[in-house]
2 protein chains.
Amino acid sequence: MEERHVGPLTFRLDLSQPLYEQILRQMSSAVARGEIALGEKIPSVRELAQALKINPNTVMHAYKEMEHVGLTETRRGQGTFITTSQERVNQFRTELAKKVIEEFLEKMGSLGYTWSDIEQYVSQYKGGCVR
Amino acid sequence: MEERHVGPLTFRLDLSQPLYEQILRQMSSAVARGEIALGEKIPSVRELAQALKINPNTVMHAYKEMEHVGLTETRRGQGTFITTSQERVNQFRTELAKKVIEEFLEKMGSLGYTWSDIEQYVSQYKGGCVR
DNA sequence: TAAGTGTATCATATCACATAATACACTACA
DNA sequence: TGTAGTGTATTATGTGATATGATACACTTA
């Protein structure tokens, strides 16, 4: 629930979802919002772990995922950097969003909600946690 | 991925989400769709477990949840019945949907998506798993 | 050489989820 | 009254994802 700042980055972690997933999403968001530029260095594993008060291995987990999907590039001994490819960033974020949306629609569907139900329903939440 | 039929009810379980949650949602859906009427008896714990090829305790978990939120009423020695209160059914389904929607919006928000992004994005999925 | 990187590998702990087996209590009905 | 079918409770076990803790190694830069 609490905000943690690391350089230009801001994180807000809770226990409702895996920490490494939250790091993953919020790091992607930081890139999308332009809070960190392409090619930029992100905090080291140990630094972020200390700042977020979580275990380095957990950060490592997130970082490995980020590299695996092409959001970051790692240089041993130097650090971890946001990829220089805007295309990869977009693709990665899109993939994440796709999963989120599909899970959402599947759940609503299994609740018996029709398409127009969902459209109406969702619009009620305008002005909530989304900008 | 496979459909299982139990009387008038149909279930489709997979391993991506907790079984008891899927039962919960799909039972609610069945009521909403009118596949089972208010006050109607639903399959016994053992019967549903056998039909879905899962453990009775897992079905029990789902049934306890359903009773806890007021979707069902249980009569020891007789069985479990859908509540006779249409209001409770609606309320229950709405609560479930609310959680699903809030989780969805929170995730999209943490991905840096704006409101109009989401509206556009979601509309691309029209004709998918939702009716 | 030293400090700061990523990386690897142990072990351990917790929690949610599911299974398994068994027993008990209540109800309906032949 | 007995018996079958209900929900319920208990205890144990297993599994996988997640997170932690500690330590060591390899690489890069200054």
Side-chain angles (χ1 to χ4, degrees), chain A residues 2 4 6-7 9 11 13-27 39-83 99 103 107, chain B residues 1-2 4 6-7 9 11 13-27 36 39-83 99 103 107:
Chain A
E2 197 163 334
R4 304 265 175 213
V6 197
L9 301 173
F11 292 89
L13 303 183
D14 60 66
L15 297 177
S16 70
Q17 281 143 14
L19 298 177
Y20 79 93
E21 267 189 26
Q22 298 179 56
I23 294 174
L24 199 64
R25 276 199 308 272
Q26 293 177 30
M27 193 72 80
E40 201 91 335
K41 185 175 183 296
I42 63 176
S44 76
V45 170
R46 291 171 180 81
E47 187 187 356
L48 187 58
Q50 193 175 10
L52 301 184
K53 298 182 179 175
I54 63 178
N55 196 278
N57 290 340
T58 303
V59 176
M60 194 58 214
H61 189 171
Y63 277 28
K64 267 196 275 195
E65 279 293 310
M66 292 193 289
E67 208 224 351
H68 180 248
V69 295
L71 176 66
T72 57
E73 291 161 6
T74 59
R75 302 174 207 152
R76 192 188 189 92
Q78 297 183 44
T80 305
F81 302 79
I82 300 297
T83 178
K99 282 181 196 166
E103 187 190 3
K107 282 184 178 177
Chain B
M1 272 307 206
E2 197 164 334
R4 305 263 174 213
V6 196
L9 301 174
F11 292 89
L13 302 183
D14 60 65
L15 297 178
S16 71
Q17 282 143 14
L19 299 177
Y20 80 92
E21 268 189 24
Q22 298 180 56
I23 294 174
L24 201 64
R25 276 199 308 273
Q26 292 177 32
M27 193 72 80
I36 187 165
E40 201 91 334
K41 184 175 183 294
I42 65 176
S44 76
V45 170
R46 292 170 180 82
E47 187 187 357
L48 187 57
Q50 193 175 12
L52 301 184
K53 298 183 178 174
I54 63 179
N55 195 281
N57 290 341
T58 303
V59 175
M60 194 58 213
H61 189 172
Y63 277 27
K64 267 197 274 193
E65 280 292 310
M66 293 193 289
E67 209 225 349
H68 179 249
V69 295
L71 176 66
T72 57
E73 290 161 7
T74 58
R75 301 174 207 153
R76 195 186 187 92
Q78 295 182 44
T80 305
F81 302 78
I82 301 296
T83 177
K99 283 182 196 166
E103 187 189 4
K107 282 184 177 175

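The sequence lines fix the lettering, A, B, ..., with proteins before strands; numbering per chain opens at 1.
B:Glu21 is listed as a side-chain neighbour of B:Arg25, based on a closest heavy-atom distance under 4.5 Å.
Look at CD1 on B:Ile42: it is 19 Å from P on D:dG5, rounded to the nearest Å. If you measure from atom NZ of B:Lys41 to atom C1' of D:dT6, you get 7 Å, rounded to the nearest angstrom. A:Arg46 has its CZ atom 15 Å from the P atom of D:dG21, to the nearest Å.
A sub-4.0 Å separation between OP1 or OP2 of D:dT6 and a side-chain N or O of B:Ser44 is present. Side-chain N/O atoms of B:Thr74 include none lying less than 4.0 angstrom from OP1 or OP2 on D:dT6.
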Shorter than 3.5 Å, N or O on both sides, protein versus nucleotides 28-30 of chain D: list them out with atom names.
{"from": "D:dT29", "atom 1": "OP1", "to": "A:Gln78", "atom 2": "NE2", "distance (Å)": "3.4"}

Filtered N/O pairs between nucleotides 14-17 of chain D and protein, under 3.5 Å:
none

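A distance of 12.0 Å separates CD1 of A:Ile23 from CE of A:Met60, quoted to the nearest 0.5 Å. Rounding to the nearest 0.5 Å gives a distance of 13.0 Å between CD of B:Glu40 and OG1 of B:Thr80. A:Leu9 CG to A:Leu48 CG: the interatomic distance, rounded to the nearest 0.5 Å, is 8.0 Å. B:Met27 CE to B:Glu65 CD: the interatomic distance, rounded to the nearest 0.5 Å, is 13.0 Å. With rounding to the nearest 0.5 angstrom, the CD atom of B:Glu73 is 9.5 Å from the CZ atom of B:Phe81. A distance of 7.5 Å separates CG of B:Leu71 from CG of B:Leu24, quoted to the nearest 0.5 Å.
Applying the 6.0 Å contact sphere to CD of B:Gln17 captures more than 12 heavy atoms from other residues, nucleotides or ligands. Counting heavy-atom neighbours within 6.0 Å of B:Lys41 NZ, excluding the residue itself, gives a total above 12.
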- Message: A:Thr72 vs A:Glu67, test: side chain to side chain donor-acceptor pair (under 3.5 Å). Steps then yes/no.
- Response: CA-CA 5 Å; A:Thr72 57; A:Glu67 208 224 351; over 6 Å; no
- salt bridge (Lys or Arg N to Asp or Glu O under 4.0 Å) between A:Glu103 and A:Lys107, intermediate numbers included: CA-CA 6 Å; A:Glu103 187 190 3; A:Lys107 282 184 178 177; 3.5 Å; yes
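Residues satisfying the side chain to side chain contact (heavy atoms under 4.5 Å, CB included) test with B:Pro56, not counting sequence neighbours, are B:Val45, B:Ala49. Here B:Tyr20 pairs with B:His61 under the ring pair (Phe, Tyr, Trp, His ring centres under 6.0 Å) rule; sequence neighbours left out.
Only B:Asn57, B:Met60, listed by number, bring a heavy atom of residues 50-68 of chain B to less than 4.0 angstrom from any atom of DNA chain D.
Read 5' to 3', the first and last nucleotides of DNA chain C with an atom closer than 4.0 Å to a heavy atom of chain B are C:dC17 to C:dA28.
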